[in-house]
Amino acid sequence: MQIKLAKSYGFCFGVKRAIKIAENTKDASTVGPLIHNNEEINRLQNNFNVNTLKDENEIEGVKRAIIRTHGITKNGLFTLEKSGAEIINATCPFVTKPQKICQKMSEEGYDVIIFGDKNHPEVKSVQSYAKNGAKVVLSVEDLKELKLGKKIAIVSQTTRKIEEFIKLTAYLVRNFKEVRVFNTICNATFENQDAAKELAIEADVMIIIGGKNSSNTKQLFSISKECCNDSFLIENEKELKKEWFENKKLCGITAGASTPDWIIEKVIGKISKIKV
Ligand code: F3S
């Protein structure tokens with residue numbers, strides 16, 4: 001069986017940057033998991049004494065606090081500042097951008113809409129910057145239920161699918177006179193998603209490596225599954241099952257934006273030893 005990696009996969013710019021910041025800071029606590037990958041979080045803890053707090057309410061006694069890639073809510077930031085801890089900001093610049101847009105647009109009187117998962121920390125952080133609260137939607141149906149004013153601004157969670165975002169913006173443009181659209185989906189997501197699709201079309205089996213709590217990994221899985229029914233999401237090589245590869249000629253591999261290379265290498269190593 002041939003093994004082929006997607007043209008673009010794995011760590012994105014924001015995650016690489018956050019890990020570097022954590023490694024350089026050492027002896028610190030991140031407010032929530034730095035990235036959505038448990039194995040990498042454990043490595044940072046064991047090698048650099050970077051621990052994970054559940055949230056900002058556990059800040060007491062912490063000397064150095066690292067804000068994770070997904071950012072923090074305005075209130076959360078306030079709590080950190082009050083605690084007197086040194087604050088190191090590892091928020092991805094692609095997340096800072098929609099935060100700023102939300103703040104500015106709401107101050108200018110726009111009803112702000114965020115396309116994304118309302119329970120995701122990134123969305124919560126972006127939402128907190130809207131002056132009078134932003135509305136979070138996942139579908140055109142959600143949009144139809146909202147009471148909106150005349151001026152509307154829309155941003156997207158960085159890891160959503162562009163096709164879905166276009167559906168929402170098309171609905172808004174058709175139904176409202178003034179709509180400001182900010183495409184805040186990040187390039188890393190575009191590139192990894194396009195590459196996953198291209199590979200899934202030709203592969204007989206697809207392995208998607210990443211945290212099961214990682215939004216962009218789940219997106220890669222769903223894109224892959226659309227083109228290759230035998231798609232499997234795993235966090236590490238221990239989850240591989242021999243039967244997935246029986247009678248398969250081409251195994252495609254991709255990985256989420258928070259999956260480190262060392263995990264990907266272990267998975268490839270194990271698959272290449274499987275006899276089919
Ligand atoms: Fe940032 Fe995009 Fe990665 S938002 S953390 S570069 S997936």
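First listed ligand is number 1; within each ligand, the first listed atom is number 1.
Relative ring orientation between Phe115 and Phe165 is described as parallel, the plane-to-plane angle staying below 30° on a 0-90° scale split at 30° and 60°.
Ion pairing between Lys4 and Glu202 holds under the 4.0 Å rule for side-chain N and carboxylate O. Salt bridge present: Lys167 and Glu164 bring a charged side-chain N and a carboxylate O closer than 4.0 Å. Ion pairing of Glu23 with Lys20 is absent here, as no side-chain N (NZ or NE/NH1/NH2) approaches a carboxylate O to less than 4.0 Å.
The count of protein N, O or S atoms under 2.8 Å from atom 2 (Fe) of ligand 1 stands at 1, with waters excluded from the count.
Here the options are Val123, Ile114, Asn183, Val181, the test is side chain to side chain contact (heavy atoms under 4.5 Å, CB included), and the partner is Val155; only Ile114 passes.
Between the side chains of Thr73 and Ser128, no donor-acceptor pair is found at a separation under 3.5 Å.
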